[in-house]
Amino acid sequence: MSYNLLKGKRGIIFGALDENSIAWKTAKLAHEEGATFVLTNAPVAMRMGEINKLAEETGSEIIPADATSVEDLENLVNKSVEILGGKLDFVLHSIGMSVNVRKGKHYTDQNYAWTEKGWDVSAVSFHKVMQTLHKNDAMNEWGSIVALTYMAAQRTFPDYNDMADNKAYLESIARSFGYFFGKDKKVRVNTISQSPTPTTAGSGVKGFEGFLSYAEKMSPLGNATAQDCAEYTVTLFSDYTKKVTMQNLFHDGGFSNTGVSQEVIEKF
Ligand code: NAI
């Protein structure tokens with residue numbers, strides 16, 4: 001069922017890799033809710049070709065951009081405004097990657113070149129996206145920018161490795177840029193702290209299956225799925241959340257405020 005929540009709104013959606021991606025589900029729902037948008041991903045991710053299917057289904061154009069390259073982002077933002085026929089109302093940053101995680105490097109034995117790459121892709125890219133939007137005056141007033149994060153930014157999950165630090169950095173950028181974007185352009189900036197979700201990025205975390213089941217049993221409402229996350233994100237892009245900004249919003253079925261659940265106690 002569609003509510004036309006995003007009727008006439010224009011945006012950019014980063015990070016739809018395949019149909020499990022949170023960004024993929026968000027793109028499909030944003031389309032159903034009446035939005036038009038440009039899809040983007042890193043040129044290497046495009047080689048898999050999956051994104052073409054999503055572009056067809058949503059009537060979108062694709063513009064490749066490495067989110068760590070300001071040059072690519074300039075091109076993306078300017079072309080998007082041109083293609084969509086006006087300034088933007090929403091942007092989704094759904095990007096994360098740690099080379100240390102990928103290569104199985106322990107948190108206490110990091111390769112710092114990989115650490116830097118990880119924070120550039122996962123955190124600083126969010127600053128670069130917003131700085132490009134801000135400098136080019138590409139957002140409409142009361143627009144909304146969302147990035148996705150995880151609770152390892154606040155509490156320790158040992159296997160989340162340096163992504164925990166990257167997420168803390170990302171959330172801080174949302175608050176800091178949110179101030180200026182709010183003051184200068186009346187644009188809101190938030191992060192959604194999502195439950196563990198079976199996607200390519202999620203499954204890369206060591207012991208992910210156990211992690212997923214534990215969170216499921218600890219959350220009174222159960223884990224939030226990728227589809228649930230798409231639905232929440234669309235509300236943040238809609239006009240019904242205009243004064244929500246500089247927040248880290250937990251979307252996790254209650255996990256973050258649960259000390260222990262009956263199901264978990266019974267395991268002991
Ligand atoms: P995904 O693997 O489908 O999406 C990650 C995306 O980042 C991919 O599309 C990938 O191509 C893109 N990316 C990587 N490097 C890039 C670069 N240099 N430039 C542009 N794009 C680049 O996985 P998922 O889970 O949908 O991830 C989306 C976001 O949600 C990430 O920020 C992730 O950390 C976050 N998140 C995921 C959770 C999970 O358990 N899956 C839980 C909480 C947050």
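Note: hydrogens, waters and symmetry copies are ignored here, and every other heavy atom, side chains too, is used. Both ligands and their constituent atoms are indexed starting at 1 by order of listing. Since we're looking at a predicted model, the values are computed, not measured.
In this model, no donor atom of one side chain and acceptor atom of the other lie less than 3.5 Å apart for N100 and S98.
The side chain to side chain donor-acceptor pair (under 3.5 Å) analysis of residues 140-153, with sequence neighbours excluded, yields the pairs D89-N140, T149-E171.
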Sequence neighbours excluded and cut-off under 3.5 Å, please list the side-chain donor-acceptor pairs for residues 196-208, or say none.
residue: T197; atom: OG1; partner: Q194; partner atom: NE2; Å: 3.1
residue: T197; atom: OG1; partner: S195; partner atom: O; Å: 2.7
residue: T199; atom: OG1; partner: G202; partner atom: N; Å: 3.1
residue: T200; atom: OG1; partner: D18; partner atom: OD2; Å: 3.2
residue: S203; atom: OG; partner: T199; partner atom: O; Å: 2.6

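By the side-chain hydrogen bond (donor to acceptor under 3.5 Å, both in side chains) test, Q110 is found to be paired with T115, residues two or more places apart in sequence or in another chain being considered.
With Y107 as the fixed residue, the side chain to side chain donor-acceptor pair (under 3.5 Å) test singles out one of D159, D165, D162, N161: D165.
Closer than 4.0 angstrom to ligand 1 lie heavy atoms from G15, L17, S21, I22, N41, A42, A45, A65, D66, A67, S94, I95, G96, V121, L148, T149, Y150, K167, Q194, S195, P196, T197, T199, T200, A201, G202, F208.
For E19 and K53, the salt-bridge test passes: some basic side-chain N is under 4.0 Å from an acidic carboxylate O.
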